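Presented below is the structure to which this report refers.
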Amino acid sequence: FEKILIANRGEIACRVMRTCKEMGIKTVAIHSEADANSVHTLMADEAVCVGPAPSAESYLNMNNIMQAIKSTGAQAVHPGYGFLSENKEFAKVLAENNVTFIGPDTFAIDAMGDKIKSKLIAKEAGVNTIPGYDGVVENVEDAIKIAEEIGYPVMIKASAGGGGKGMRIAWNEKETREGFRLSSQEAAASFGDDRLLIEKFIDTPRHIEMQVLADSFGNTLWLNERECSIQRRNQKVVEEAPSVFLPKPGQAMGQQAVQLAKAVQYKSAGTVEFLVDSKKNFYFLEMNTRLQVEHPVTEYITGIDLVSEMIRVAAGHQLSYAQDQVGINGWAVECRIYAEDPYKAFGLPSIGKLTRYIEPTALHNVRVDSGVTEGSDISVYYDPMISKLVAYGKDRAEALHVMKTALDMYVIRGVKHNIPLCYEVLCNQNFVEGNFSTNFLPEVYPDGFHGKVLDAKEHNQLCAITCCLYAQQQHGNRQFLNQTRLLGTNAVIKIMVLILLPQLSGNINSWEIELNLAEKKVQAAVVLINGERMKVTTADINTPTPSFTINGEDPTIIQALRFTSSGLVHVQYKGTVFDIEVADRTVASLKKYMPEKIPEDIASLIIAPMPGKMGSLNCAVGDMVAMGDEVCIVEAMKMHNSLTASKDGKIKAIHCKPGDSISEDDLLIELE
């Protein structure tokens with residue numbers, strides 16, 4: 001191919017373009033009006049606008065995309081993942097216009113894209129399948145009957161779905177009714193197909209998938225497994241390759257994945273997903289007939305460029321590798337970095353502008369697949385993923401260590417992000433030992449995620465470093481206040497401060513700071529009240545991610561996010577942001593006279609937990625509602641989120657209507 005159009009946006013469009021450039025192939029980007037200045041648009045050799053911001057009018061608009069293909073003379077289309085990547089009609093239209101679809105043919109897309117049909121084919125191919133109903137569930141009463149026959153718990157999911165959308169777990173009749181309604185709505189909105197199926201939910205399962213690669217010459221390979229069990233709302237957060245759980249790294253699973261691929265005459269890269277129970281029995285879940293989001297971890301451990309192989313296969317070439325050339329070299333871990341608030345349901349979307357953005361690509365064995373840069377907007381119209389952060393090591397322990405350092409060094413300002421959650425997952429002892437399932441997050445955090453809990457040593461480290469940051473900031477302020485009597489470069493400043501951390505320590509600690517300003521470097525000796533001396537050093541306190549050494553131990557990376565006039569220092573430490581109040585003795589002595597703000601009672605208010613669009617209202621002014629009753633549905637990033645009343649009451653006022661755009665923390669409904 002001389003020119004390829006990438007029918008996608010963001011990081012995956014950039015990822016495909018990088019390989020195209022390495023292969024000497026020109027690229028064409030398509031973009032919405034909102035993405036006119038996005039990274040993928042500017043990275044391509046040519047770019048064509050295909051419509052307004054909403055996906056249905058741009059990235060899913062086949063007519064406009066076909067016009068872009070014709071106007072640019074692109075010979076092939078790489079669909080990336082999502083959008084039209086598994087749309088058989090799109091592949092069919094391309095074929096009718098003599099344009100190559102870089103992916104499988106329409107038969108495989110159709111066969112594997114329908115979960116009901118794919119399950120039947122998998123059975124015939126000798127692949128293990130989950131017990132369940134093999135037909136389409138017609139209505140909610142049908143769903144309840146089938147669920148009772150299979151036995152609770154059951155999984156309700158979209159027949160044409162993927163990516164965690166249109167999926168609900170039901171443990172009883174009430175949840176089946178609600179799950180059927182929400183899943184069908186999400187399925188219709190995301191895939192234009194509201195058909196649902198029901199199957200037995202495998203309790204405490206692991207989600208492990210097998211990468212396959214096939215050409216048109218009868219060669220089909222399995223490229224080892226990926227562990228994808230760390231999920232929230234059925235969407236993956238942390239992935240790794242290989243899996244710590246499988247024996248003989250997934251040989252039996254790989255063989256069954258190849259059997260299924262051959263059964264549908266598969267050609268290109270694809271992924272066969274399995275659920276694995278505690279006894280290592282595995283069951284076919286679905287096959288994704290596209291490049292998977294988490295493909296970089298497979299590329300790291302095999303050394304195979306999957307995008308390059310997809311392009312070669314589409315151009316009529318044989319695979320570059322044989323099965324005996326596919327090995328496992330080292331370990332790779334991927335964290336999906338989302339613009340989300342991890343303290344709300346493990347991650348609800350956050351929109352805004354990236355006011356500061358620095359990727360940790362200077363670190364060895366770190367890869368960042370992103371489609372953003374400083375100044376980019378995270379929009380309500382698209383998936384909130386910022387990037388895929390990938391770390392590699394000779395073994396799992398080294399890969400996890402590299403990843404934690406990369407998370408520490410990743411600077412993201414302007415939007416909330418899920419780095420705190422990713423960091424805590426990597427530090428959890430069960431995760432480190434490989435003892436986890438897809439229920440990991442709700443089991444470890446049954447009351448929701450609340451950030452890092454500091455032990456005594458970490459508490460002291462954080463306090464000591466924050467005092468140094470405060471003292472340095474106070475000294476720096478003097479230089480901007482026209483104070484002519486500045487200290488010399490070799491002077492030592494002594495400052496007595498109080499650090500007020502009642503939420504961490506339960507009391508107030510006093511610290512003495514000695515600041516050595518020689519050569520614009522900071523050396524600080526911090527003395528605690530009990531006499532313990534902590535020497536804190538750093539090479540450059542003014543970088544976005546300064547590294548501090550305490551008493552000669554391993555360096556600790558801190559991000560000083562903000563200093564407020566009231567003495568609050570916002571610091572990011574081991575993933576979590578802490579708000580620490582620091583003051584000198586005089587200011588601290590006056591704190592007792594300051595009135596405390598009384599928290600507002602919001603039990604009678606329904607407040608938007610995320611930005612999005614009001615999908616539907618299920619109440620009216622004057623209605624009586626009970627605690628837990630659904631009052632409205634908010635649509636955000638193609639997900640339907642049910643909001644419920646937090647107490648019994650009467651609807652006093654409704655401040656929105658279906659179709660309205662809403663922002664996070666907007667007041668939606670009031671109760672009396």
Side-chain angles (χ1 to χ4, degrees), residues 360 363 400-411 419-429 432 449-475 493-516 521-564 567-584 588:
L363 295 174
L400 293 179
H401 175 73
V402 173
M403 176 60 81
K404 286 189 284 188
T405 303
L407 290 170
D408 275 334
M409 297 290 289
Y410 207 154
V411 178
I419 285 179
L421 179 62
C422 292
Y423 199 101
E424 283 304 289
V425 169
L426 300 181
C427 294
N428 182 272
Q429 194 59 36
V432 172
F449 179 69
H450 301 293
K452 182 173 183 58
V453 178
L454 300 175
D455 60 29
K457 181 177 180 180
E458 291 169 333
H459 169 271
N460 289 344
Q461 285 182 342
L462 178 57
C463 291
I465 294 170
T466 303
C467 283
C468 294
L469 291 168
Y470 171 82
Q472 172 70 6
Q473 193 252 3
Q474 291 296 305
H475 173 71
I493 310 172
K494 289 190 177 182
I495 304 174
M496 181 66 73
V497 303
L498 296 180
I499 187 154
L500 312 173
L501 276 170
Q503 73 273 31
L504 298 178
S505 60
N507 53 30
I508 297 174
N509 291 322
S510 176
W511 310 67
E512 182 180 349
I513 311 297
E514 293 181 5
L515 220 59
N516 188 337
K521 296 181 180 180
V522 176
Q523 291 182 323
V526 182
V527 181
L528 287 96
I529 288 179
N530 61 13
E532 180 186 351
R533 183 179 179 83
M534 301 176 70
K535 185 177 181 181
V536 184
T537 61
T538 181
D540 189 353
I541 203 169
N542 296 314
T543 62
T545 54
S547 177
F548 292 86
T549 300
I550 299 178
N551 294 338
E553 296 183 2
D554 291 339
T556 299
I557 299 169
I558 287 279
Q559 292 188 37
L561 305 181
R562 190 160 64 98
F563 296 88
T564 70
L568 272 179
V569 183
H570 302 272
V571 295
Q572 182 173 310
Y573 173 71
K574 296 192 175 182
T576 296
V577 175
F578 293 90
D579 298 336
I580 303 172
E581 187 173 358
V582 187
D584 60 32

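Small disclaimer: the values here were computed from a predicted structure and weren't measured. These numbers come from the heavy atoms of this one structure, side chains and all, not from hydrogens, waters or symmetry mates.
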Practice problem: Calculate, to the nearest 0.5 Å, the distance between atoms OG1 and CG belonging to Thr556 and Asp554 respectively. | Solution: 8.0 Å
Quiz item: Do Val577 and Gln559 pass the side chain to side chain contact (heavy atoms under 4.5 Å, CB included) test, and can you show the C-alpha distance, the side-chain angles, and the key distance before you say yes or no?
Solution: CA-CA 9 Å; Val577 175; Gln559 292 188 37; over 6 Å; no
Self-check item: Nearest-0.5 Å distance, CD1 of residue Ile558 to CG of residue Leu469
Solution: 7.0 Å
Quiz item: What pair of heavy atoms forms the shortest contact from Ile419 to Gln572, and how long is it?
Solution: CG2-NE2, 4.1 Å
Quiz item: If you round to the nearest 0.5 Å, how far is NZ of Lys457 from CG of Asp455?
Solution: 8.5 Å
Exercise. Answer yes or no: is there a side-chain heavy-atom contact under 4.5 Å between Lys452 and Tyr423?
Key: no
Quiz item: Taking side chain as C-beta onward, heavy atoms only, is Phe578 less than 4.5 Å from Leu454?
Solution: yes
Exercise. Going by the side-chain contact (heavy atoms from CB on, under 4.5 Å) test, name the single residue among Val569, Val536, Ile557 that passes it with Ile465.
Key: Val536
Exercise. Answer yes or no: is there a side-chain heavy-atom contact under 4.5 Å between Tyr573 and Glu458?
Key: yes
Quiz item: Under the 3.5 angstrom rule, does the side chain of Ser547 hit a backbone N or O of Pro555 as a donor-acceptor pair?
Solution: no
Quiz item: Which pair of heavy atoms, one from Asp408 and one from Thr545, lies closest together, and at what distance?
Solution: O-CG2, 3.9 Å
Practice problem: Would you check if Thr543 and Pro546 make a side-chain contact, meaning some heavy-atom pair closer than 4.5 Å? | Solution: yes
Practice problem: Please answer whether the main-chain N or O of His450 pairs with a side-chain N or O of Glu424 as donor and acceptor at a distance below 3.5 Å. | Solution: no
Quiz item: OG1 of Thr549 to CD of Gln461: how many Å apart, nearest 0.5 Å?
Solution: 10.0 Å
